Amino acid sequence: MTTPAPTPSADIPGLAPDAVPLSGERFHTDPHRLYREMRQQHGPVVPVALPGDVPAWLVIGYRELHQLLSDSELFSRDSELWSQWPKIPADWPLGPMIGRRQPSILYTVGEAHTRRVAVTNEALEAVDQIGLRAVVESRADQLVDRICGQGEAELIEDFAKSLPILVLATLLGFREEESQGLSQAMHDMIDGGERAIAGQQHLLGSMRRLISLRRTQPGADVATRMLEGNRGFSDEELVQDMMVIVASGHQTTADWIGNTIRLMLTDDRFAASFFGGRHSVAEAMNEVLWEDTPSQIIAGRWATRDTKLGERHIRAGDMMLLGFQGANDDPQVRVHQAAGGGGVTGSGLTGGNSAFFSFSHGDHRCPFPAVEIAEVIARTGIEVILDRLPDMDLSVSPAALNRRPSPWLRGMTTLPVRFTPTPALGGQR
């Protein structure tokens with residue numbers, strides 16, 4: 001059941017005088033130091049300013065974030081609760097990210113959310129892991145075939161940002177010839193430029209056509225299983241949930257691939273993996289989820305009543321931003337901090353420990369089957385790169401690498417590499 005939104009009033013809380021702007025290059029150049037300074041100055045719950053001086057709370061304490069995500073009654077996913085809506089203009093730049101009146105699984109709560117999670121989980125759980133790996137290898141080989149003879153490549157553009165959507169399209173039930181169009185539409189939507197709306201509409205239209213087709217021509221795919229396991233939801237609701245699968249699964253997995261390859265190319269601990277070994281791939285991927293997680297900050301949760309969190313007074317209708325990287329860096333759980341540096345190193349928590357918040361927690365945690373699929377896509381894709389381009393190295397200095405200028409999602413915008421040219425496989429593996 002949707003919780004009634006707080007009644008707008010003249011005393012809607014404004015911006016705290018010490019609010020930290022949620023913008024600036026430090027979020028992508030030196031986030032570990034920035035979160036440490038935030039924690040020292042403000043504690044585990046930080047007042048922040050969104051574009052247009054819109055107030056919110058950023059939760060960077062590990063225990064506080066766990067408490068917030070564990071109590072869906074006190075901190076709801078229902079964005080209609082937000083007390084700031086009367087002040088938000090129609091063209092607010094974060095409007096698409098925050099979402100209002102969206103009929104997807106992301107913003108449902110209570111029993112309706114539980115039923116929708118069941119439909120999605122059952123459809124994803126049935127994905128055959130061996131078959132999935134074969135699909136990933138095939139798509140990854142196709143991407144590598146385009147660059148392997150050149151001796152140099154831009155791995156974000158040429159590989160990481162294309163692989164997840166190509167695989168997800170296949171799992172959903174799209175034909176291979178349709179996947180390239182879906183890939184371009186996804187990139188257009190994520191880039192946020194003049195083609196963003198067209199990209200979104202292409203994806204929505206494609207999903208609607210697929211659901212309609214699978215009603216009369218079922219297949220061994222996620223769309224068919226969502227239709228077969230439907231618990232009273234409309235086709236449009238299923239379409240919206242398929243959009244969530246693609247939108248949430250693609251970019252984070254692409255960034256997981258890019259951030260992991262960057263780590264392995266710049267950190268001597270993982271260099272051996274590029275010379276005949278794979279044993280460090282999983283370790284590097286796990287370390288990225290602690291130190292360099294693709295999902296840095298997520299919006300959000302909304303307080304259903306006045307409460308306290310981390311000694312802060314939270315008012316009903318306040319927005320809570322989930323500071324995943326800040327919580328991962330919390331010295332309460334990271335006992336070995338890098339002295340004076342900009343990062344967290346040698347914590348001893350990355351070697352197989354998965355207590356990070358990179359996939360969230362609680363009722364709205366990323367579904368376990370989705371996590372498994374993302375891990376297979378990322379790990380298999382990286383392993384294909386290691387197999388095909390074993391002497392790959394950066395073609396610029398590590399300091400010249402650029403991050404996406406965003407506090408929300410952390411990923412590389414470029415990852416230029418060089419390698420010995422090799423022949424294309426042409427489907428022969």
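When reading the values below, keep in mind they use all heavy atoms of this one structure, side chains included, and skip hydrogens, waters and symmetry mates. None of the values given here were measured: they were computed from a predicted structure.
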Item to complete: Supply the atom-to-atom distance D387 CG to I382 CD1, rounded to the nearest 0.5 angstrom.
Response: 12.0 Å
Discussion item. Given 3.5 Å as the limit, does a donor-acceptor pair link the side chain of R26 with the main chain of P31, or not?
Written reply: no
Item to complete: Kindly say whether I60 contributes a backbone atom to a donor-acceptor pair with the side chain of R39 at under 3.5 angstrom?
Response: yes
Fill in: Side-chain (N328) to main-chain (L289) donor-acceptor, under 3.5 angstrom
yes
Worksheet item: Can you tell me if T224 uses its side chain to pair, donor with acceptor, with the backbone of P218 under 3.5 Å?
Response: no
Worksheet item: So D318 and W57, side-chain contact (heavy atoms from CB on, under 4.5 Å) or not? Walk me through it.
Response: CA-CA 8 Å; D318 280 0; W57 298 102; 2.9 Å; yes
Practice prompt. Please tell me if the side chains of R116 and D241 come closer than 4.5 Å, counting only heavy atoms from C-beta onward.
Written response: yes
Worksheet item: Are L15 and P55 close enough that some pair of their side-chain heavy atoms sits under 4.5 Å apart?
Response: yes
Discussion item. Quick one, L166 and L143 - any side-chain contact, counting heavy atoms below 4.5 Å?
Written reply: yes
Item to complete: Using only heavy-atom distances, determine whether the side chains of D329 and Q325 contain a donor-acceptor pair under 3.5 Å.
Response: yes
Item to complete: Determine whether M320 and F75 make a side-chain contact, defined as any pair of heavy atoms from C-beta on separated by less than 4.5 Å.
Response: yes
Discussion item. Is there a side-chain contact between I88 and W82 in this structure, where contact means two heavy atoms from C-beta onward sitting under 4.5 Å apart?
Written reply: yes
Practice prompt. Ignoring hydrogens and angles, state whether a donor on the side chain of R139 or T170 is under 3.5 Å from an acceptor on the partner side chain.
Written response: yes
Item to complete: Could you tell me which non-hydrogen atom of L227 sits nearest to which non-hydrogen atom of I211, and how far apart they are?
Response: CD1-O, 3.6 Å
Discussion item. Could you go through E176 and Q142, starting from their C-alpha distance and side-chain angles, then the distance that decides it, and tell me whether this counts as side chain to side chain donor-acceptor pair (under 3.5 Å)?
Written reply: CA-CA 12 Å; E176 185 172 347; Q142 291 170 4; 3.0 Å; yes
Practice prompt. Give a yes or no on whether the backbone of R175 and the side-chain of E178 come within a donor-acceptor separation of less than 3.5 Å.
Written response: yes
Fill in: Atom of A374, atom of T253 and distance for their closest heavy-atom approach
CB-OG1, 3.6 Å
Discussion item. Tell me the closest heavy-atom pair linking P369 and E125, and the distance in Å.
Written reply: CG-CG, 3.2 Å
Practice prompt. Please step through salt bridge (charged side-chain N to carboxylate O under 4.0 Å, His left out) for the pair D145 and R388, ending with a clear verdict.
Written response: CA-CA 9 Å; D145 275 356; R388 301 284 306 275; 2.6 Å; yes
Item to complete: Could you please spell out the steps behind the side-chain contact (heavy atoms from CB on, under 4.5 Å) verdict for I297 and L22?
Response: CA-CA 10 Å; I297 299 174; L22 205 67; 4.0 Å; yes
Worksheet item: Would L204 and Q240 satisfy side-chain contact (heavy atoms from CB on, under 4.5 Å), going step by step from the backbone distance to the final call?
Response: CA-CA 8 Å; L204 275 171; Q240 292 293 332; 3.8 Å; yes
Worksheet item: Judged by modelled atom types alone, do T413 and N402 share a side-chain donor-acceptor pair under 3.5 Å?
Response: no
Item to complete: Using side chain to side chain contact (heavy atoms under 4.5 Å, CB included) as the criterion, point out the one residue from R410, Q251, M412 that pairs with R404.
Response: Q251
Fill in: Spacing of CE belonging to M186 relative to OG belonging to S179, to within rounding of 0.5 Å
12.5 Å
Worksheet, complete the sentence: dist L81:CG -> M319:CE (nearest 0.5 Å) comes out at 11.0 Å
Worksheet entry | Full working for side-chain contact (heavy atoms from CB on, under 4.5 Å) between R225 and E122 | CA-CA 8 Å; R225 291 192 292 271; E122 290 170 8; over 6 Å; no
Worksheet item: For the residue pair P421 and G151, what are the closest heavy atoms and their distance?
Response: CG-CA, 3.8 Å
Worksheet item: From L203 CG over to Q201 CD, what is the distance, rounded to the nearest 0.5 angstrom?
Response: 9.5 Å
Practice prompt. Examine distances only and state if a side-chain atom of T293 and a backbone atom of W290 form a donor-acceptor pair shorter than 3.5 Å.
Written response: no
Worksheet item: Side chains of W302 and D78: donor-acceptor distance under 3.5 Å anywhere?
Response: no
Discussion item. To check you understand the geometry: which heavy-atom pair defines the closest contact between G249 and T252, and what is its length?
Written reply: O-OG1, 3.8 Å
Worksheet item: Quick one: which of T260, I257, D255 gives a side chain to side chain contact (heavy atoms under 4.5 Å, CB included) with V288?
Response: T260
Item to complete: Please confirm whether the backbone N or O of L415 pairs with a side-chain atom of E154, one donor and one acceptor, at under 3.5 Å?
Response: yes
Practice prompt. Please list all pairs passing the salt bridge (charged side-chain N to carboxylate O under 4.0 Å, His left out) test where one or both residues lie in residues 206-222, with sequence neighbours left out.
Written response: R208-E236, R214-D221, R215-D235
Discussion item. Are the side chains of E287 and E283 in contact, using a 4.5 Å heavy-atom criterion?
Written reply: no
Worksheet item: Between the main-chain N or O of L68 and the side-chain N or O of R301, is there a donor-acceptor pair closer than 3.5 Å?
Response: no
Worksheet item: Are the side chains of R133 and E383 in touch, meaning some heavy atoms are under 4.5 Å apart?
Response: yes
Fill in: Ion pair R146/D158, N-O distance below 4.0 Å
no
Item to complete: May I ask you to decide if L394's main-chain N or O and R418's side chain share a donor-acceptor pair within less than 3.5 Å?
Response: yes
Item to complete: Kindly say whether N259 contributes a backbone atom to a donor-acceptor pair with the side chain of D292 at under 3.5 angstrom?
Response: no
Worksheet item: Which class fits the ring pair F27 and Y35: parallel under 30°, tilted 30 to 60°, perpendicular over 60°?
Response: perpendicular
Worksheet item: Could you state the interatomic distance from CG (L50) to OG (S23), rounded to the nearest 0.5 Å?
Response: 9.5 Å
Discussion item. Could you tell me if the side chain of H42 sits less than 4.5 Å from the side chain of P47, heavy atoms only?
Written reply: yes
Worksheet item: Rounded to the nearest 0.5 Å, how far does CD of E237 lie from CE of M226?
Response: 10.5 Å
Discussion item. To check you understand the geometry: which heavy-atom pair defines the closest contact between I385 and V144, and what is its length?
Written reply: CD1-CG2, 4.0 Å
